[in-house]
Amino acid sequence: MRILVTGGAGFIGSHLVRRLLANEQDHVVNLDALRYSGNLENLADVAGHPHYHFVHGDIGDAPTVEKVFKEHQAEAVINCAAETHVDRSILDPGGFARTDVLGTAVLLEQARKAGVTRFLQVSTDEVYGSVVRGHSKEDDPLAPRSPYSASKAGGDLLVLSYWSTYRLPVLITRGSNTYGPNQYPEKFIPLCITNAIDDEPLPLYGDGRYRRDWLSVFDHCAAIEHVLRHGEPGNIYNIGGGHELENLSVAEGILKHLGKPRSLIRFVQDRPGHDRRYAVDCSRLRALGCTPTVSFEEGLRATVDWYRSHEGWWRRIKSGEFRTYYQQMYGKRLREGTAG
Ligand code: DAU
């Protein structure tokens with residue numbers, strides 16, 4: 001298949017591009033705007049692959065997207081391009097609506113014109129909102145609570161409308177909290193790992209007892225590929241890791257792997273509108289023949305090892321734009337925080 005992956009220089013996108021290129025029969029075009037978290041270093045090992053092509057551009061720019069479809073004859077699209085960090089969506093919601101809603105709208109329309117045979121939208125379990133008990137099913141009502149999750153929900157609804165209205169063969173995956181190598185260090189796990197390596201505090205929002213279901217990026221990408229090849233058009237598939245944990249336990253696990261003291265934990269002012277828990281029911285994906293294989297213990301250890309052995313990668317990020325963001329997000333919080 002000739003597959004257009006958007007946002008392929010990001011965290012999940014880059015793992016997905018590498019995975020698809022391992023299939024000899026697939027050709028991959030990566031369209032990425034290279035905003036703050038898009039990083040071509042993530043794909044340095046496959047940059048010269050004969051079946052790989054990179055295009056620098058934005059999914060919201062119709063002429064660019066149209067040109068990509070014309071030049072590369074993509075038959076399938078996997079839309080990984082998104083603004084994804086909840087905290088940043090609280091600071092600047094506009095950019096989230098632009099990329100996650102309007103960008104998706106432009107991409108969908110160009111995909112329809114090009115007559116693609118598959119359009120897979122990579123979405124999130126956050127669109128269901130906070131789930132105090134039980135597990136969200138694909139047909140549950142959407143109840144997003146942050147500008148990020150609301151923008152993703154808007155994108156999902158547009159994607160579904162292209163199925164009902166035009167019969168564009170769309171698929172949506174809703175993944176849970178993903179972790180692994182190459183994740184931008186604004187997210188909880190890489191932030192904690194890199195701070196702990198530097199003996200800096202690990203900021204835990206509120207009481208640290210918020211719960212997330214952790215999914216290895218390798219399992220997440222395997223599931224996306226499985227849905228692309230075997231999913232039923234018009235359907236949504238939840239993807240969970242099956243490892244639901246409190247943030248505090250995750251932070252403790254990281255400190256244990258690194259041999260660092262628990263005193264690095266710092267309870268800080270909570271995120272506004274912080275969702276207490278997400279949990280997805282993955283029986284539809286299991287029925288399609290896909291289950292996760294990486295245990296959290298094993299996945300976390302490998303992730304910690306990756307950050308330990310790739311200091312250049314994250315130190316370059318942490319010494320750039322990230323410093324201003326970190327100060328804005330954590331400066332006051334850490335000064336006023338309490339020890340764990
Ligand atoms: O559930 C899937 C979603 O998971 C993805 O759609 C999002 O793109 C991704 O960012 C993630 O959302 P979260 O808000 O759950 O991820 P984050 O890594 O920001 O936070 C994980 C948990 O850790 C959450 O309860 C907030 C908490 N946290 C986070 C940070 C960055 C802290 O306690 N301290 C922190 O410094």
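Just so you know, ligand 1 is whichever comes first in the structure, and atom 1 is the first atom listed for that ligand.
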Nearest-neighbour protein heavy atom for atom 12 (O) of ligand 1, which is reported as residue plus atom name and distance: E126 OE2, 2.6 Å

Residue part near ligand 1, for T84, under 4.0 Å between non-hydrogen atoms: both

Subset of ligand 1 atoms that lie under 4.0 Å from at least one heavy atom of L204: 33 (O)

N247, any N or O under 3.5 Å of ligand 1 N or O: yes

Ligand-residue contact atoms, ligand 1 with L191, heavy atoms, under 4.0 Å: 36 (O)

Atoms in ligand 1 flagged as close to K187, the criterion being non-hydrogen separation under 4.0 Å: 8 (O), 9 (C), 10 (O), 18 (O)

Check: S176 N/O within less than 3.5 Å of ligand 1 N/O: no

W214-ligand 1 polar pair, N/O distance under 3.5 Å: no

Atoms in ligand 1 flagged as close to T124, the criterion being non-hydrogen separation under 4.0 Å: 1 (O), 2 (C), 3 (C), 5 (C), 6 (O)

Proximity flag R211 to ligand 1, non-hydrogen atoms under 4.0 Å: no

Ligand 1 contact on I189 by region, counting heavy-atom pairs under 4.0 Å: neither

Check: D275 N/O within less than 3.5 Å of ligand 1 N/O: no

Numbered atoms and elements of ligand 1 in range of R212, under 4.0 angstrom, heavy atoms: 15 (O), 24 (C), 25 (O)

N195 side chain to K260 side chain, donor-acceptor N/O pair below 3.5 angstrom: no

Candidate with minimal heavy-atom separation from atom 14 (O) of ligand 1, of R271, H85, H220, R333: R271

Parallel, tilted or perpendicular: ring planes of F296 versus W214, cut at 30 and 60 degrees: tilted

Pair Y36-Y184, ring pair (Phe, Tyr, Trp, His ring centres under 6.0 Å): steps then yes or no: CA-CA 9 Å; Y36 76 94; Y184 195 84; 5.1 Å; yes

Option whose closest heavy atom lies nearest to atom 34 (N) of ligand 1, chosen from G240, S146, P203, G206: P203

CZ/R209: more than 12 non-hydrogen atoms of other groups inside 6.0 Å: no

F188-ligand 1 polar pair, N/O distance under 3.5 Å: yes

Numbering as shown, the atoms of ligand 1 that approach D125 to under 4.0 Å (heavy-atom distance): 1 (O), 2 (C)

4.0 Å heavy-atom contact, G175 with ligand 1: yes

Side-chain donor or acceptor of E75 paired with backbone N/O of R2 under 3.5 Å: yes

Any donor-acceptor N/O pair, D140 side chain to K137 backbone, under 3.5 Å: yes

Crowding at CZ, R98 (>12 non-hydrogen neighbours, <6.0 Å): no

Structural part of N177 in contact with ligand 1, heavy atom criterion under 4.0 angstrom: both

Residues that R301 engages under side chain to side chain contact (heavy atoms under 4.5 Å, CB included), provided they are two or more places apart: H257, E297, D305

Whether Y148 and F96 hold their rings parallel, tilted or perpendicular, with breakpoints at 30° and 60°: perpendicular

H226 and H230 aromatic ring geometry - parallel, tilted or perpendicular at 30°/60° bounds: tilted

E186 near ligand 1 by a heavy-atom separation under 4.0 Å: yes

L107 with L102, same ILVMFWY side-chain cluster at under 4.5 Å: no

Under 3.5 Å: donor-acceptor pair, side chain of Q269, backbone of Y205: no

Proximity winner for atom 32 (C) of ligand 1, if only heavy atoms of Y184, Y205, Y326, Y128 are counted: Y205

Mutual orientation of the aromatic rings belonging to H310 and W306 [parallel < 30°, tilted 30-60°, perpendicular > 60°]: parallel

N or O pair under 3.5 Å between D87 and ligand 1: no

Proximity of Y210 to ligand 1 by residue part, where a heavy atom lies under 4.0 Å: side chain

Residue H274 vicinity, atoms of ligand 1 by number, heavy atom under 4.0 Å: 24 (C), 25 (O), 26 (C)

Contacting atoms of ligand 1, where contact means under 4.0 angstrom from a heavy atom of Y330: 30 (C), 31 (C), 35 (C), 36 (O)

Pair D275, Y278: side-chain N/O donor-acceptor within cut-off below 3.5 Å: yes

